[in-house]
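Some notes on the structure that comes next.
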Amino acid sequence: MERVPVLKIGDILLVSIQVDMQDQTALALQEDLADRIVATGCHGVIIDITALDIVDSFVGRMLSSIAAISRVLDAETVVVGMRPAVAITLVELGLSLDGIRTALNVERGMELLAQSRADEPDLGLDLGLDLADLDSFGPTATP
Amino acid sequence: MTTDVGLGEPQVVTIAADEDVVRVRQLVRTVAVAAKLSLVDQTKLVTAASELARNTLVYGGGGGAEVTVVDGGRRRGIRIVFSDDGPGIADLDLALTDGYTTGGGLGLGLSGARRLVDEFDIDTAAGQGTRITVTKWAR
């Protein structure tokens with residue numbers, strides 16, 4: 001059985017699926033990714049499916065599971081590179097890919113992850129308080 | 001039925017293991033390209049074949065797929081017959097309902113595959129195995 005490699009780039013795990021996966025390969029990928037998220041502490045996962053010429057219900061379910069598992073492990077998943085014909089077929093098949101974020105390519109997927117990391121509610125709150133303090137007490141604050 | 005003339009011998013794949021589902025997908029893709037199906041239709045047919053081949057393996061306990069190029073007069077199509085000697089399907093209406101599954105899947109394999117092809121015929125009964133015939137026509 002082939003295994004799909006998981007690459008670490010900064011705070012992101014990148015998976016580019018380049019083979020026609022057997023079901024067992026898809027299940028192994030799910031486990032490998034969960035292990036790597038915990039081992040690396042990465043907060044983002046990008047799954048590149050540019051090379052996949054179909055996504056059937058099994059692979060669709062795997063993508064949904066990976067997204068759900070990542071979320072529990074404090075990481076966010078973005079699926080990138082879906083071909084137009086695959087998107088059309090998925091919708092007709094009846095697969096909604098619930099809870100999965102998508103982007104058109106790896107670059108946009110990385111932007112999406114960086115943005116949602118920056119928008120984290122707790123970080124935003126800290127920032128807000130700091131700004132308020134500056135406004136109240138800062139000597140350079142102007143109306 | 002139209003008066004189909006089989007163009008060439010059917011190509012047969014035995015479905016007995018995980019990797020045979022991949023082989024069915026690859027064969028169907030090759031034949032769909034040769035029969036000049038559009039890219040979207042190729043994708044739909046290969047996806048349907050993947051679902052049905054997996055069903056043959058998981059629910060039917062293995063079986064086979066037969067892929068044939070058929071001539072419908074003005075257009076060509078691809079016909080695939082999936083057959084197994086498994087337990088068969090007792091309640092076909094239920095099995096064809098979106099979301100119904102006995103195997104822990106999403107319950108979209110059979111119902112979804114039917115939506116992706118032009119013709120879908122199923123011959124099954126409890127204890128009699130299952131034979132599913134699907135056809136996709138070039139537009």
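In what follows, chains carry the letters A, B, and so on, assigned in the order in which the sequence lines appear, proteins first and then strands, with residues in each chain numbered from 1.
Placement of A:Val106 and A:Leu33 in two distinct hydrophobic clusters is found when ILVMFWY residues are connected by side-chain heavy-atom separations under 4.5 Å, directly or transitively. With hydrophobic clusters built from ILVMFWY side chains whose heavy atoms lie under 4.5 angstrom apart, A:Leu97 does not share a cluster with A:Val80. By the rule that hydrophobic residues join a cluster once side-chain heavy atoms approach within less than 4.5 Å of another member, A:Val45 and A:Val6 end up as members of one cluster. B:Val81 and B:Val117 sit in two unconnected hydrophobic clusters of ILVMFWY residues. Membership requires side-chain heavy atoms under 4.5 Å apart, directly or through other members.
Heavy atoms of A:Leu90 lying under 4.5 Å from chain B are absent altogether. Interface remark: B:Ala48 contributes no atoms to any contact with chain A (heavy atom separation under 4.5 Å). Looking at B:Val46, both its backbone and its side chain come within 4.5 Å of chain A, counting heavy atoms on both sides. Contact of B:Arg114 with chain A is not made at all, since no heavy-atom distance falls under 4.5 Å. Neither the backbone nor the side chain of A:Val59 has a heavy atom closer than 4.5 Å to any heavy atom of chain B.
For CZ of A:Arg83, the number of neighbouring non-hydrogen atoms (other residues, nucleotides, ligands) closer than 6.0 Å is greater than 12. Heavy atoms from other residues, nucleotides or ligands lying under 6.0 Å from CD of A:Glu107 number 12 at most. Around the NZ atom of A:Lys8, the shell of radius 6.0 Å holds more than 12 heavy atoms that belong to other residues, nucleotides or ligands. For CG of B:Asp91, the number of neighbouring non-hydrogen atoms (other residues, nucleotides, ligands) closer than 6.0 Å is greater than 12. Dense packing is recorded around CG of A:Asp35, with more than 12 heavy atoms of other residues, nucleotides or ligands lying under 6.0 Å away.
Contact detail for A:Leu93 and B:Arg115: the closest heavy-atom pair is O-NH2, 2.7 Å.
Of the listed residues (B:Asp41, B:Asp20, B:Val21, B:Val40), the one with the most heavy-atom contacts under 4.5 Å to chain A is B:Val40. Most heavy-atom pairs under 4.5 Å with chain A: of the set B:Glu19, B:Arg54, B:Lys44, B:Arg29, this distinction falls to B:Arg54.
Counting only heavy atoms from C-beta outward, the side chains of A:Asp56 and B:Arg25 approach each other to under 4.5 Å. Within the 4.5 Å cutoff, no side-chain heavy atoms of A:Ile88 are placed close to those of B:Thr43.
Under the 3.5 Å distance criterion, the side-chain polar atoms of B:Asp98 are left unmatched by any main-chain donor or acceptor of A:Gly94.
For the atom pair CD of B:Gln42 and OG1 of A:Thr89, the computed distance is 10.5 Å after rounding to the nearest 0.5 Å. Taken to the nearest 0.5 Å, the CG atom of B:Leu108 stands 8.5 Å off from the OG atom of A:Ser96.
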